[in-house]
Amino acid sequence: PVYPEFQQIGREFAKASPMLAGNTVKSEVAILHSYDSRWAIKWQKHNDKYDPVAEIISYYKPLREIAQSVDIRPPTDSLNQDKLVVAPGLNVISDAIAKNLIAYVRQGGHLVLGQRSGMKDEDNSLQRERQPGPLVDLLGGRVEQYYALLNPVPVEGQFGAGECSLWAELLSAKDSDTEVLERYGKSNGWLDGQPAAITRKVGKGRITYIGAWLDDAGMAAAARWMTDISGVKPAFGPVPDGVEVYPRYGARGTVFLLVKFFKTEQ
């Protein structure tokens, strides 16, 4: 019974193909994905519930809801077209990756590093500098300590009040122009009042480090802050829940593909 539906989809694509010809997808937001980083974290998880894919999704979901279109790319790609680049768990940063990310920030982009970023080099050896390794000078701060959490820890600040679970990094702001966005609340004594997220403006660009695994509300607020400060706007404007937007740009102008997903109740 599903075959007639495939036939219908084929006919609809045939009708739409003249409009799609010569167009390409272009997003203002990119999330960096690295198999080396995933393998490095899974080899040394420290917390048995730590899943690098779940970490990526925790950033992807709220960013996709705001920006409507998010690219997933390797960290060596050209990032010039992106207003916002997010790197959750970019554990392995080679010299080539570092040069690419530093150039992106200095050219006016906003780079957001997620927890566990910049710990290893391309040989899976510890960086000489603490996290985020070769990006410490650009950030004007670093990770002083990290903790695998048994119990949630409160966090509050620019992203509102919420909880951090699984993993917490104690950050320091070394430069006077490095701003503390979030701090840990009273919990285990080691993290009390310490920075959980920091940011620094670098010329026309910006670099941010989020060291806490935030809850859903905290990630939604962080995504709003990231997109607002980076100038990211929804591609198509407000759409109902369950509708995904795929903007495509070309010589003929802009084409938006709107796809409606229906939930089936079992």
Side-chain angles (χ1 to χ4, degrees), residues 32 34 36-60 62 86-93 111-121 124-136 138-175 178-200 207-223 225-226:
L32 303 184
S34 160
D36 288 345
S37 293
R38 279 176 56 181
W39 292 333
I41 291 174
K42 294 190 86 168
W43 177 68
Q44 209 167 21
K45 295 169 71 171
H46 295 302
N47 186 321
D48 63 348
K49 296 181 176 61
Y50 201 109
D51 180 1
V53 176
E55 182 183 7
I56 291 173
I57 293 172
S58 73
Y59 284 81
Y60 177 88
V86 182
L90 189 61
N91 198 249
V92 174
I93 297 183
L111 172 66
V112 177
L113 298 168
Q115 56 274 24
R116 298 189 72 160
S117 290
M119 179 179 285
K120 305 285 190 68
D121 64 15
N124 200 37
S125 299
L126 290 172
Q127 300 276 6
R128 294 181 179 180
E129 177 61 88
R130 295 187 186 182
Q131 295 170 252
L135 305 180
V136 164
L138 193 71
L139 178 63
R142 68 182 191 181
V143 176
E144 297 294 342
Q145 298 287 347
Y146 55 85
Y147 303 92
L149 298 178
L150 291 175
N151 301 306
V153 171
V155 288
E156 59 182 0
Q158 186 74 41
F159 309 148
E163 286 188 336
C164 163
S165 62
L166 299 180
W167 192 263
E169 293 175 338
L170 189 162
L171 310 180
S172 63
K174 300 290 187 182
D175 287 21
T178 300
E179 176 188 355
V180 176
L181 295 172
E182 290 274 304
R183 290 185 181 273
Y184 297 104
K186 187 174 179 58
S187 58
N188 56 21
W190 300 314
L191 293 167
D192 295 6
Q194 298 295 331
I198 58 178
T199 188
R200 184 186 182 212
I207 180 171
T208 300
Y209 193 104
I210 299 176
W213 189 306
L214 300 173
D215 57 19
D216 290 346
M219 280 307 312
W225 178 85
M226 292 180 218

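Side chains are part of it too, since the values below use all heavy atoms of this structure and drop only hydrogens, waters and symmetry mates.
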| Any residue meeting side chain to side chain contact (heavy atoms under 4.5 Å, CB included) with Arg183, in chain and number order, not counting sequence neighbours | Val180, Pro195
| request: Using salt bridge (charged side-chain N to carboxylate O under 4.0 Å, His left out) as the criterion, list what pairs up with Lys42, not counting sequence neighbours. | output: none
| request: State, with a plain yes or no, whether a side-chain heavy atom of Trp190 is found less than 4.5 Å away from one of Gln145. | output: no
| remark: Distance col, row Leu171:CG vs Arg130:CZ, nearest 0.5 angstrom, shows 12.0 Å
| request: Would you please name every residue forming a salt bridge (charged side-chain N to carboxylate O under 4.0 Å, His left out) with Arg38, sequence neighbours left out? | output: none
| request: Measure the CG-CE distance between Asp216 and Met219 for me, rounded to the nearest 0.5 Å. | output: 9.0 Å
| query | For the side chain of Asp215 and the backbone of Gly162, is there at least one donor-acceptor N/O pair under 3.5 Å apart? | reply | no
| Which pair of non-hydrogen atoms, one from Leu191 and one from Ser187, has the smallest distance, and what is that distance? | CB-OG, 4.2 Å
| task | Can you sort out the partners of Leu126 under side chain to side chain contact (heavy atoms under 4.5 Å, CB included), two or more places apart, ordered by chain and number? | result | Met119, Lys120
| field | Atom of Gly140, atom of Thr178 and distance for their closest heavy-atom approach | value | O-OG1, 3.1 Å
| note | side chain to side chain contact (heavy atoms under 4.5 Å, CB included) filter on Ala54, not counting sequence neighbours, yields Asp51, Trp213
| remark: Residue set satisfying side chain to side chain contact (heavy atoms under 4.5 Å, CB included) with Ala197, at least two apart, ordered chain then number -> Phe159, Leu181, Glu182, Ile210
| message | Rounded to the nearest 0.5 Å, what separates atom CG in Leu111 from atom OG1 in Thr199? | response | 10.0 Å
| request: Spell out, as yes or no, whether a donor-acceptor pair under 3.5 Å connects the side chain of Thr208 to the backbone of Leu113. | output: no
| For Pro62 against Ile57, the heavy-atom pair lying closest together | CD-O, 4.3 Å
| How would you list, by chain and number, every residue that makes a side chain to side chain donor-acceptor pair (under 3.5 Å) with Glu129, sequence neighbours excluded? | Arg142
Show which side-chain atoms of residues 147-158 pair as donor or acceptor with protein atoms under 3.5 Å away, not counting sequence neighbours.
none

| Between Glu55 and Gln115, what is the shortest heavy-atom contact and its length? | OE2-O, 3.0 Å
| query | By side chain to side chain donor-acceptor pair (under 3.5 Å), which residues pair with Tyr146, not counting sequence neighbours? | reply | none
| request: List in chain and number order the residues that pass side chain to side chain donor-acceptor pair (under 3.5 Å) with Ser37, two or more places apart in sequence or in another chain; answer none if no residue qualifies. | output: Ser34
| message | Could you measure the distance from the CD1 atom of Ile207 to the CG atom of Leu139? Nearest 0.5 Å is fine. | response | 5.0 Å
| said: Measuring from atom CG of Asn91 to atom CG of Asn124, what distance do you get when rounded to the nearest 0.5 angstrom? | reply: 7.5 Å
| remark: Nearest heavy-atom approach of Cys164 to Tyr184 is SG-CE2, 4.2 Å
| request: For Ala87 and Leu32, work out which heavy atoms get closest and say how close. | output: CB-CD1, 4.1 Å
| Under 3.5 Å, is there a donor-acceptor pair between the side chain of Arg116 and the main chain of Gln131? | no
| field | Gap between atom CG of Leu138 and atom OH of Tyr209 - 0.5 Å precision | value | 14.0 Å
| request: Please name all residues satisfying side chain to side chain donor-acceptor pair (under 3.5 Å) with Asp175, sequence neighbours left out, ordered by chain then number. | output: Arg200
| query | More than 12 heavy atoms of other residues, nucleotides or ligands under 6.0 Å from CG of Asp192: is that the case? | reply | yes
